[in-house]
Amino acid sequence: MNHIKIDLDRRLGNIHPHIFGGFAEHLGRCFYGGIYEPGSPLADDEGFRTDVLDALRRLRMPIIRYPGGNFVSGYRWLDGVGPLEERQTRIDMAWDTLEPNHFGTNEFIQFCRKVETEPYFVVNCGDGDMREAHDWVEYCNGTQDTALVKLRKQHGFEAPHEVKYWGIGNEVDGTWQIGYKSPAEYARAYKEFAKVMRWSDPSIKLIASVTSNWSEPFVERTQLLLEEAPDHVDYVSIHWYVGNREDDFARYMTVSEFFDERIGVFEGLIKAMRLQQKIQKPIAIAVDEWNVWYRARGATAEERNNLEEIYNLEDALVVAMHFNAFIRHAQMVKMANIAQIVNVIAPIFTNPDGLFLQTIFHPFEIYSRTCGNVALDVFWKGDTFSGGDYSALRTLDVSATLDEQKKSLSLYVVNRSQTDALETTIALDSGYFSGPVQAYVVNGPDIKSENSFDNPNQVGVTDAAITAERSHLTYTFEPHSVTALVCPLE
Ligand code: AHR
């Protein structure tokens with residue numbers, strides 16, 4: 001028997017909805033043939049695929065990062081604005097392809113308005129300069145009578161786009177990046193970019209690219225950055241991708257420890273630097289690229305450059321464990337962006353005739369729709385398992401949130417057992433259940449089950465209403481499943 005206890009007064013922090021963010025890059029079929037396909041019978045008058053927009057709306061992503069990724073480190077934003085017939089095709093060095101620039105700043109803003117999401121732009125801190133970054137902020141947000149503001153208006157956008165979130169560079173710590181920067185080079189560049197971007201619009205929030213290459217000295221990198229530009233860092237960005245290369249389910253399921261460890265390390269680093277540098281303002285963590293990605297890195301050029309990963313059920317469990325970790329660390333993780341959103345390592349997969357929802361779509365939708373505004377501390381004990389370098393890990397991976405307005409508790413549980421249904425008592429230490437509890441379960445025939453055009457519902461969601469006693473509930477978590485129990489409270 002497993003036991004979960006929740007005290008509604010033991011709060012870990014406020015959850016920022018931006019933990020359900022996305023990321024869309026000029027890469028493979030993310031835009032062209034995915035989000036944007038003018039001439040397709042499925043596209044609207046402006047060329048956006050309506051089926052894709054509808055699927056994205058279901059995910060309720062409150063923020064989407066754009067335009068890269070590695071792509072941005074060689075991108076000239078001016079190439080992507082203005083009349084289509086005047087836009088030039090450029091070589092995209094990051095992904096070894098041609099970029100027609102038919103999609104750019106204004107198309108992305110239109111897209112954001114259509115899916116009701118906030119744009120988050122990343123500026124080129126690879127082969128780009130601070131002038132270009134400053135000008136992009138001015139073009140988007142400027143209100144004065146300047147040449148760039150006139151240009152935006154000439155392009156059909158009278159009102160400013162009001163882009164609030166701006167990243168300075170992408171994965172600058174990786175030698176694979178166009179314009180890799182040493183810790184000292186980035187700290188200097190960041191400060192100067194930030195300064196002039198804020199001279200253009202002082203209200204913007206800035207995200208520093210800190211760690212994606214975990215074998216680099218990230219402590220030194222964080223330290224130098226926060227010594228050099230303490231007032232200009234609103235978020236420290238970290239990236240990771242995980243996968244089951246060894247085809248070892250138990251080992252794969254221990255990945256929760258890796259999330260907790262990395263986030264915990266950055267929580268400590270930021271706290272230490274704020275104390276040392278006497279930084280008054282908060283600095284948050286943005287995990288602004290994360291996902292499962294290990295298959296489509298293969299030998300062929302197409303695999304390498306399209307990244308069309310097909311996900312299975314075990315990957316969906318790992319996506320849910322990401323959200324559990326972000327909720328458990330809600331106090332400092334204020335943004336997280338699944339990489340990416342359509343076709344390229346993504347929950348939505350299209351062909352010219354339609355789309356199917358990948359397995360990882362389902363936990364994303366359930367969490368983003370049911371997550372409350374407060375993260376709760378949860379006590380749980382029971383069955384354990386061993387995998388990889390870990391032993392005695394709890395088989396259930398758990399998080400919980402409270403929605404103060406709706407008076408509702410959401411309990412999220414990933415059952416990491418491949419074989420066992422786990423009967424569990426769930427007790428409230430304070431407060432009472434009221435009315436039936438809604439149980440949403442993501443599952444499929446086995447851990448390798450995938451969705452496809454031919455078989456789109458191998459992995460899907462079932463829901464059921466269950467009865468709770470005053471402050472007790474007994475529930476059996478299915479093997480290899482993700483469950484959200486949404487409980488109305490008195
Ligand atoms: O998301 C795919 C790539 O992964 C991004 O371009 C890059 O930032 C990361 O390495």
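Side-chain atoms are counted along with the backbone in the values below, which use heavy atoms only and exclude waters and symmetry mates. Whatever order the structure lists ligands and atoms in, that order sets their numbers, starting from 1.
For the pair Trp95 and ligand 1, the shortest N or O to N or O distance does not fall below 3.5 Å.
The nearest protein atom to atom 8 (O) of ligand 1, hydrogens excluded, is given as Glu289 OE2, 2.7 Å; this is a heavy-atom distance. Summary of contacts: the protein heavy atom closest to atom 2 (C) of ligand 1 is Gln340 NE2, 3.6 Å. Regarding atom 7 (C) of ligand 1, its nearest protein heavy-atom neighbour is Asn70 OD1, 3.2 Å.
In this structure, Ile345 counts as a contact residue of ligand 1, since one of its heavy atoms falls inside 4.0 Å of the ligand.
Stacking of Arg29 on the aromatic ring of Phe349 is recorded, both the 6.0 Å distance cut-off and the 45° axial limit being met. The cationic group of Arg152 does not satisfy the cation-pi geometry with Phe157, failing either the under 6.0 Å distance to the six-membered ring centre or the 45° limit from the ring axis. A cation-pi geometry, defined here as NZ or CZ lying under 6.0 Å from the six-membered ring centre and within 45° of its normal, holds between Arg297 and Trp293.
Neither the backbone nor the side chain of Phe71 has any atom closer than 4.0 Å to an atom of ligand 1 (non-hydrogen atoms only). If you look at Asn170 next to ligand 1, the close heavy atoms, those under 4.0 Å, all belong to the side chain.
Heavy-atom contacts of Phe23 reach the following atoms of ligand 1: 1 (O) (cutoff under 4.0 Å).
The main-chain N or O of Ala94 is never found under 3.5 Å from a side-chain atom of Asn70 such that the two would form a donor-acceptor pair. Ser73 places no side-chain N or O within 3.5 Å of a backbone atom of Gly169 that could act as its donor or acceptor partner.
Annotation: side-chain contact (heavy atoms from CB on, under 4.5 Å) contacts of Ala346 (sequence neighbours excluded): none. Taking the side-chain contact (heavy atoms from CB on, under 4.5 Å) definition, one finds that Ser40 meets it with Glu37, Leu42, Ala43, Arg49, sequence neighbours left out.
Of the options His26, Arg65, Glu171, Glu25, the smallest heavy-atom separation from atom 10 (O) of ligand 1 is shown by Glu171.
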